Structure formats: structure tokens, C-alpha cells
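Quick note: numbers below take in every heavy atom, side chains included, and nothing from hydrogens, waters or symmetry partners. Keep in mind the model is a prediction, meaning the values are calculated, not measured.
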Amino acid sequence: MGPSRGLAVSADRPRTDPVTGRAAAPRTAPADGPAAPAIPVPCSGGERTVIPLDTRRLFRAEFPALPDRAAAVRRMVAGHLRDWRLGAIVDHVVLATNELFANAVEHGSSGPADTVTITVSLERFGRELRVEVADGSPVIPVARKPEPTEESGRGLAIVEDLAADWGTEPPDPGVRGKKVWFTLPLVATS
């Protein structure tokens, strides 16, 4: 069982151009102009935090497709959300991500050599959180209605209840499998 590999991109880290892969020029506000626009989002304890709209936040990590890696996935997601001052949504995001990771391990991998990639990002100028779970199986997940006595089969229903939207999409170019994603809006407060 190997360690997880991750790449974190945050306001305090250099950015790369997604097309060329080269270092992108840093974005700065004009010396005589106002700071970058920002949106306030709710945090735990009723406090507010402000996320600058020009801040790109992204974390991607690859984990072995093993059930015992779920705790590391949960810690990674919770830690980054707290670093991004999004503590109010940690529980929902961690639970939904855990369900998608469990599905990827159980249904989307062919063995312990497979990996699952978790990507957490702020989208729509910081107004939406998106989580993607990519695995090596092209089989699209289908929500089930398990019997009350069944011990499994509720993962996608949980994701559907917690998320604003969810779905699937093809993998990145050159990669086999699929991505299952969900989003949560980060509601601006006045």
C-alpha cells in the first residue's frame, strides 16, 4: 500500500497554464486600483470569510483503490476545506466524497494496483465547490433503491441528498475510466 500522491494549487502556490503547463504570470491588482473582487461565504460559528474571485483553488490526489484509504481521503478533503475557510460545509463534502470513493473502490477498480483520483476545486469564480472522483472503470454508476434490510446500495442516494448536482463524465484524455462528480454552491451572504 503506497502513500497518496497529491498536487495542491492554492493562492500561495505558483500557478501553471492548463494548456502549456508553464508557469503562469501571477495575477495582481493594479497598484492604484481596488483589490480583486471577492465573495463572502458562511463559515462555522456564524463567522464570514472572503474568497477573492481571482484565487484558483484546486487539490488533486491519487489514492490506491483500497477501502482502508478512505480515512486518508476524508482527512485530505476536510483539511483542504478548512484551509480554504469552508468549515461550514466540511461534513457534507466529506460524506459525499467518502461515498463516491467507496463506490470507486468497490465497483470501479479491478484490484489493489488500481488508483482513484480525488479532485476538489472551487469553480464559478469561487461560488461553487466541485469534487470529482475518477476511477478506471468505464461503467457508469446507477442509483439504486435498496431494500430496507440491505447493508449497502445507498451511496448515490446520499450524494444526491447532500449535493446540489452530481453526474458523470468521461475521463481526462489518455486515461481510461470515468469521473463521478458533485457540486455544492457557496452562497454569498450579505
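In terms of hydrophobic clustering, with Ile, Leu, Val, Met, Phe, Trp and Tyr side chains grouped at heavy-atom distances under 4.5 Å, Leu95 and Val180 are assigned to different clusters. Under the 4.5 Å side-chain heavy-atom criterion for Ile, Leu, Val, Met, Phe, Trp and Tyr, Leu100 and Trp181 are members of distinct hydrophobic clusters.
Remark: Glu128 does not engage Arg130 in a salt bridge, criterion side-chain N to carboxylate O under 4.0 Å.
Residue Thr168 comes nearest to Pro141 through the heavy atom pair CG2-CD, 3.6 Å, listed as atom of the first residue, atom of the second, then distance. In plain terms, the two heavy atoms of Val139 and Lys178 that are nearest each other are O-CE, 2.8 Å.
Distance check, rounded to the nearest 0.5 Å: NE2 of His80 to CG of Leu58 gives 9.0 Å. Within the model, atoms CG of Leu81 and CE of Met76 stand 9.0 Å from one another, a figure rounded to the nearest 0.5 Å. For the atom pair CD (Glu132) and OG (Ser121), the distance works out to 6.5 Å, reported to the nearest 0.5 Å.
The shortest side-chain heavy-atom distance between Ile89 and Leu186 falls under the 4.5 Å cut-off. In this structure, Thr117 and Val133 have side chains that are not in contact, with every pair of non-hydrogen atoms separated by 4.5 Å or more. Contact check for Val120 versus Trp84: side-chain heavy atoms found under the 4.5 Å cut-off. Residues Val131 and Leu184 fail the side-chain proximity criterion, which asks for heavy atoms closer than 4.5 Å.
Under the 3.5 Å distance criterion, the side-chain polar atoms of Arg176 are matched with a main-chain donor or acceptor of Gly136.
Counting Ile, Leu, Val, Met, Phe, Trp and Tyr side chains that sit under 4.5 Å apart, directly or through other members, Val175 stands alone, with no cluster partners.
With sequence neighbours excluded, the residues satisfying side chain to side chain donor-acceptor pair (under 3.5 Å) with Asp172 are Lys179. Qualifying side chain to side chain donor-acceptor pair (under 3.5 Å) partners for Arg74, counting only residues two or more places apart in sequence or in other chains: Asn98. Applying the side chain to side chain donor-acceptor pair (under 3.5 Å) test to Thr119 and every residue at least two apart in sequence or in another chain returns Arg60.
Note on residues 100-112: pairs passing side chain to side chain donor-acceptor pair (under 3.5 Å), not counting sequence neighbours, are Ser110-Asp114.
Between Phe63 and Phe101, the angle of the ring planes goes over 60°, which puts this pair in the perpendicular group of the 30/60° scheme.
With a 6.0 Å radius and a threshold of 12 heavy atoms from other residues, nucleotides or ligands, Asp91 has its CG atom at or below the threshold.
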Step-by-step side-chain contact (heavy atoms from CB on, under 4.5 Å) determination, Val77 to Val93:
CA-CA 8 Å; Val77 170; Val93 175; 3.7 Å; yes
Result block: side-chain N/O donor-acceptor pairs under 3.5 angstrom for residues 155-167, not counting sequence neighbours:
{"residue": "Glu160", "atom": "OE1", "partner": "Trp166", "partner atom": "NE1", "Å": "3.3"}

